[in-house]
Amino acid sequence: MAAAESEQDPSSPSGEFLSFSARDTAQRWLAASDLKQEVYRHLALYVPRILCQGTGGRDSREEQREELGCQLLLLAPLEWFLLGAEPGAGLAHLQQNNRPSALCGHVFKVGEPTYSCRECAADPTCVLCMTCFLGSVHKEHRYRMTTSGGGGFCDCGDTEAWKSSPFCQTHLPDGGEAPEDPVSQLSPDLVARGYSLFSILLKYAVDLLTGDQQDQQDRQDRLPEGLEPPERADTYFCMLFNDEVHTYEQVIYTLQKAVSCSQREAVSFATTVDRDGRKSVRYGDFQFCDQAKSVIVRNTGRQSKPLRVQVMHSSVVAHQSFALKALSWLGGIIQYSDGLRRILCQVGLQKGEGENSTLVDHLMLNDSKMWKGARNVYHQLLMNSLLMDLKFKKIFAIQFAKNYRRLQTDFMEDDHERLVSVTSLSVQLFTVPTMARMLMVDQDLMGTIIRTFVDQLRHRDLQGRFQFDRYTAQQAFRFQRVQNLIGDLKYVLMSPPDQWTDPLRIKFLEGLDAFLDLLRCMQGMDPVVRQVGQHIEMEPEWEAAFTLQMKLSPVISMIQDWCRSDPEVVLVQAYRKVLSMLSQSSGGLPDGEQPLSLVLAGHQVETFRYQVSQERVSIHLPLCRLLAGLHVLLSRTEVATRFPEQLPLGELAPPLLMELPLRCLVLCAQVHAGMWRRNGFSLINQIYYYHNVKCRVEMFDKDIVMLQAGASMMDPNHFLMIVLSRFELFHVFSSADARKRYRDNKDLVQQNTLIEEMLHLIIMVIGERYVAGIGQVQPLDEVRREIIHQLSIRPMAHSELLKALPENGNKETGLERVIDSVASFKKPGVTGRGLYELRPEWNKHFNLYFHHYSRADQSKAEEAQRKSRRQNGEDTALPPPPPPPLCHLLGSLVNLLQCDVLLALEGAVLQWSVEPGGGSWTESMLQRVLHLVAMALLEEQQQLENRCGEEDVTFSYTCKITRPGEAPSSSGSILALLESLQNAPHLEVHKDMITWILKTVGTIKTIRERTSTSSTFTVSQGAGPEETGRDRDKAERKRKAEMARLRREKIMAQMSEMQKHFINENKDLFQQSLEEMEASTSAAEYSSPSSALTCASKVCVGPRRVGGADLRQLVTCILCQEEQEVRGAGKAMVLAAFVQRSTVLSRNHTCTPEPAGRDPVFMHPDLPVGVHTASCGHIMHATCWQRYFEAVQVKEQRRQQRLRGNTSYDVENGEFLCPLCECLSNTVIPLLPHLATPGHSPDPPSLEAWLQTTSQLIAALHTCRKTPEGELEGAEPVPEGFRLDFSPQPFSSSISEMITTFSLAVFKVGLKVEPDEQDGRVPVVGWSTCAFSIQSIERLLLDEDKPLFGSLPCRQDDCLSSLVRFGSACWTSVPQNTVYTHFSRLLAVLVPDRRVENSPCILNLDMFHLLVYSVLSYSSLHSLDQSGRSSVDVGHLHLLHLVTVAHLVQVLLTCSTGEVCMDQDGGGSEEEQLTLQLYCFLRKHLSSLPDVSPWQLWSRVKAGILPFLRAAALFFHYLNSAAPPADLVAGPGQWESLCSFLSLPPNLLLLYQTHQDLLDPLVLSWIQHPGVPPLLRGGIQHPGVAPLLPGGRVTRFPRESNRLIELPEDYSVLINQASSFTCPRSGGDKSRAPTLCLVCGAMLCSQSYCCQTEVDGEDVGACTAHTFTCGAGVGLFLRVRESQVLFVAGKTKGCFYPPPYLDDYGETDQGLKRGNPLHLCPDRYRKMERLWRQHGIPEVIGHAQEANQTLVAIDWQHL
Ligand SMILES: [Zn+2]
Ligand SMILES: [Zn+2]
Ligand SMILES: [Zn+2]
Ligand SMILES: [Zn+2]
Ligand SMILES: [Zn+2]
Ligand SMILES: [Zn+2]
Ligand SMILES: [Zn+2]
């Protein structure tokens, strides 16, 4: 059935393309009397034919045909009709005459960067697109950069969005005002045609998209009148719609079952459904589709609501698709002309009959019924039309506001995310201040939003308060969605009006009424009762209430801002309203609660019985707190200073005002004191958030304010007595014998904490004056004080400080405006981040009892402050800083300090402190009392100093504390108590403070005496400064000793931790002590040969070399601590090592994974994939290591049984962590003894003789075979002294075993195959890791300008030396004839051998690999020489010479450049002439070589061959344990010493010249290889471009160093690049997680279904898949949208790494949350590059995973 559709029938559109004329059709329409009928007829005929979208799986040709048909047959006539001309010309004409409005209006794509100016934007929602931003002045300002979530548009040109500079260069109005009515610019004909066409099309689209045909099956197929297709076929679609309930997996699984499609198709369906909101999954007759529908419904309906599926007639679907195309077309057309745009707006908002009759209303009100794709299209159209036309934007806004409640209610019922709901347009309308005001006045917008919000939260308790406990999931979902309304409210209130009008006042106050109703529902919600006896059974839900509070906090603050801007009317009215609401809601408070009379210190007060610890108490008191906020604002007004009696203060008695906040504060104190333990974590969390920066402004802070307000209106003694009573401490201070309290009190500790908390509260009530309105301060003073106290804890990064400060509605904290005045900035290094440090001059503002400190903060800050003061030689007492003066309204607060009740409290605590110990008092308690005393003294001193004239100072604290204590504490005066405490030995810590107090008392006395004669008291001065100085020293010494002890303990703990896991497994192995363990961290026991030898010869290769065999190597096993000498016949010692494949040296990142049967004998000069070996340098016995590794395996098995998931190492692949340093390892390298220095034979064979013997030998080996008797015989003669059957066994079995172990490990990793001892490639891969590791280290040393020798860390030195010695011995563990074969093949490259076929050409060879392989394999051949005539070194030297000459030729062949500079007469040096000679020889046979001057040739040869010589020097140095010459150790090696070390002449050409007769034929054979000419042609055709690709292009020397890709300096450039990146797999979709490969620069679509691929049978994400082609399994990526670097190694391992981008404060922004501009930090990027080039990525991942084992596992492979 489906197949029938795809057959071409004669009526298919393609046939009609030719005969159809859009022009004629348009003409016909023009002539028609009923245009609508004509157009509909046309659509009815063509739409179903053209747009018959199948079910996917269509090829792109079909799609193109559809697209083309749509354009030619449907849209073109519309354009012809509208424009009355050829569309192209007509549109150009329109655009030319357009006078566009100055708005940019660029609609943002998902992930596109947006910019907001923090200085000029009206609010944070005002943003610019990148183009506009770069052309604006704001790029010089403080700006914020974010990525768009999609939707929304550029505000450039909107004068209301910007406080200044609203235009970028492009959108700057060009003087000429945009015309008032743009329609008047168009010809009347065009206007008429526009009206009629737009009405028809818009109506058509609206009808099709909003028609309620979806409700009933029988109606769903009905098309609007006039659109029925001529013939109605039985063709249907089974349409699947998306929802937010079912997961991708569920949908994919169901689809596979229901429409029997492949996994791949199902994924594609699911992706489209998710993106567009619907997708047809089956096409055919009705029954066929209906059947699929029932399967889907049945399959998904079991657990939840079934997936929405609908069978729809094909003509309906076709018309719906065209409706969307028509809307997009309209959106496109109006871009050309503001006149047409306005016509469309008029059509859209034309009223019909009744309310909501416009087409736009229809769309809006049906929004939630449409599928996602349709919504997106029409939202886009709204943005392009109505929102771009200022006049109609307003009309639209009114309609939107009118329908607000209904739209929001629809949205609540809908389950789509908000982004695709029409309600999300509110941000475009409400953030325009004039618009918001207008809507507020005309449409009561504020009240509407709030009431809609309240209506949605229906769960209430008996008192009408919100009830969030026992919320169901569905209610939680609703709650989540309804929060968007608060966002809208925020937009409306964002900026307070500059000008109030009476209507605005009325509407605002009405809105406030609604808001107060909302707050009343919150007042007292979620009350708690202290649980005694039993722990609560279920943690109550608390988060919803706090979420609500948190979301409303900015609104509450904004409402206060609005009130403040009209203090005379609105503020006073609002205050009254809140007050009356509060007295209504707490009217019943004292009722039923019995009055209680309290008497203390001669004062009496009435209060009611209430105990927080026994009755209900709530943290949520928004009404009280709003009142507190308004009270502060009143206090700032002039009225408050001059006529406070006119303020509406008297309605509630002060004790009632402060009652609820006080209860809440007492609750916190009791929780701290541990009285509420049985109420569980829910309460602890609530208390935490109450104080947290996100909530405290409208919670904790306001409660303190309310207490301050209450206290200022009361007798201070009464206030304190009520506080005492609420803290349930009254009896403690009122009873005649306070000592009784600790005789039989079980809860003494609790009570002590309560007393501390209460004293702290009193300190805060009197001392916290940094709110404008409480104290006489500026708003910035508050921020500054906040910062000072944060920085007093420790230096902090910018983001840390920001987090500690509350944000205002504009997301600003004010930090930047004051930070530089109080702190100095310290730049970050290559790691870490920039830090702000408090300038010392601000230390004096430090207040130990700062109200926002937690107890932990407080003690940290105290310690830091004392330390800093000690360092500066200052007094370490921390007296309170001088407070700012109080505002008039709260002036009486200071009297608290000297009231009788407080004095009684102070006296009591001081009295208790006389007795050391006993638990009756605490240090904190005393410290707080001393602080209070000091505050009182400061107050008195300030008053004395500031008084004018003879005015009497009413504050006489010094006088009062000299009075002897009254009952109940019948003791001495406070002053006397202080004096006696000063020298009490148990109060050493407080001595400084007491001394300070007594000194201040003295000062005050002096001031008073100077001016009056009244006071007569004596003060005994405290101890002299010397004494305190001495004590300080003593204390300091003690502290240092303690620190040292702690440090020692920590180190010991670390050490033991390191080894614990191993010790646990192998208890018996450990007899040695920890100290010895520490001493053996490296193989430091043997002295390195490089330093031991000072022999003058300094030659590393050839018969003249000096070896290191006479050095005894003593090493210690890190596991058993036994010492052991490295000997060939001894017990094997091994080095932990990590082997990995590497593409780090390759310039080509597109190689496909090579086949498993690869022949590794020849390495391409691009070094496509190498095998790298590294080691941490830790040595073990082979047997100890084996036992350890077995233990690791067992442990891993046990772990896997317990829980799933990956460890940081993969035991199955042989991975383990080094038992000492936890370095990731996957094998061990055996340690082998040094080679012996050769005995000097008098006459080493010449090159010629050697070559001859060697060829003879190879020939003999080639032909020989074993006779049945086991004898060897061959056809060729064997050279004299050679024994073909000799097979030496120089190593003990344990060492041989380890050689095999390591060989196989390298083999397995290097070739990605299963280990196979019989495979002839085993030794080759072993040699290759020697060569590759040396090459990569040589490269690093060269690039970092480090000397070749002596600069390597010890562990690398050890690694390379054991690696090379292993390489020289690995032939002993494999069948010898495989090694002979390798050698003969290698030699045949240089010396032609007719027996060897398919030798590669020298241009396709890396000469260093060739050298290493041939030298290492030669040992095997040479071992047959029993003649003793020549040493193996002779062979090495000849091989080196041969390879060097070959490399010379290779360099000369490839050194040509485009610039040819002939300089024949230069004469030049001997080197140049000889080079030219060889080059001419080459040119004679290869005519394609260009002319190059001899000077150029020689310099290129020298540069090109240098890396080879350096690598060779390293190789022979390690192979032969030869000491390097001093200048190669000390500095960058000089050419001459390098050559002489390698036993080469400095003029390398002499190598060729001296053996020219022998070499010329060889050279000829090299360049006549058939592979040479094509390679050279490829290379020469592209001069300047480095030829990289193996097979086809040629590699030049020296090879360029590999680098990570260049990154742009400005991060937003990357974001912009990524935002236009589309997923390569799903047809032009935006990628969700665009990710950049830092190695090759490829952009990938990561972390997404669409781009998963299979690698070795496992699904992996795009990044992991990419690493296998780009980095041999290792990859570095930048996740652009997250600003995060991703390291990946293998299929399961990865980690995140800080990106190399920093903001101006020296911090990274992982997740792009803060939005500060980010710039590239080249140092950090280089550091990362070095890490990569050093092959350190797997190691970093290992450490990161080891450190984060407890975190939720990330599925690295799917990234
Ligand atoms: Zn723009
Ligand atoms: Zn602009
Ligand atoms: Zn600006
Ligand atoms: Zn051991
Ligand atoms: Zn180690
Ligand atoms: Zn993708
Ligand atoms: Zn790549």
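First listed ligand is number 1; within each ligand, the first listed atom is number 1.
- Note on D1358 versus R1355: no salt bridge recorded, every NZ/NE/NH1/NH2 to OD/OE distance being 4.0 Å or above.
- Side-chain polar atoms of Y115 and S136 form no donor-acceptor pair below 3.5 angstrom.
- Closer than 2.8 Å to the Zn ion (ligand 6) sit the protein N, O or S atoms C1623 SG, C1645 SG, C1650 SG, C1651 SG.
- Backbone or side-chain N, O or S atoms of C132 reach the Zn ion (ligand 1) at under 2.8 Å.
- C1176 contributes SG and C1218 contributes SG; the angle these two atoms make at the Zn ion (ligand 5) is 110°, rounded to 10°.
- Between the Zn ion (ligand 5) and H1178 there is an N/O/S contact shorter than 2.8 Å.
- Using a 4.5 Å heavy-atom threshold, the side chains of H1178 and C1221 count as touching.
- Classified by interplanar angle (parallel below 30°, tilted 30° to 60°, perpendicular above 60°), the ring pair H106/F108 is perpendicular.
- Geometry about the Zn ion (ligand 1) gives an angle of 100° between SG of C104 and SG of C154, rounded in steps of 10 degrees.
- For the 3.5 Å distance criterion, the side chains of H1735 and Q1140 fail to qualify, holding no donor opposite an acceptor.
- For the residue pair L1224 and E1215, the shortest heavy atom distance occurs at CD1-OE1, 3.9 Å.
- When distances to the Zn ion (ligand 1) are checked against a cut-off of 2.8 Å, H106 contributes no N, O or S atom below that limit.
- You'll find the side chain of T271 reaches within 4.5 Å of the side chain of Y248, heavy atoms only.
- When every heavy atom of S1142 is checked against every heavy atom of H1172, the shortest pair comes out as CB-CB, 4.3 Å.
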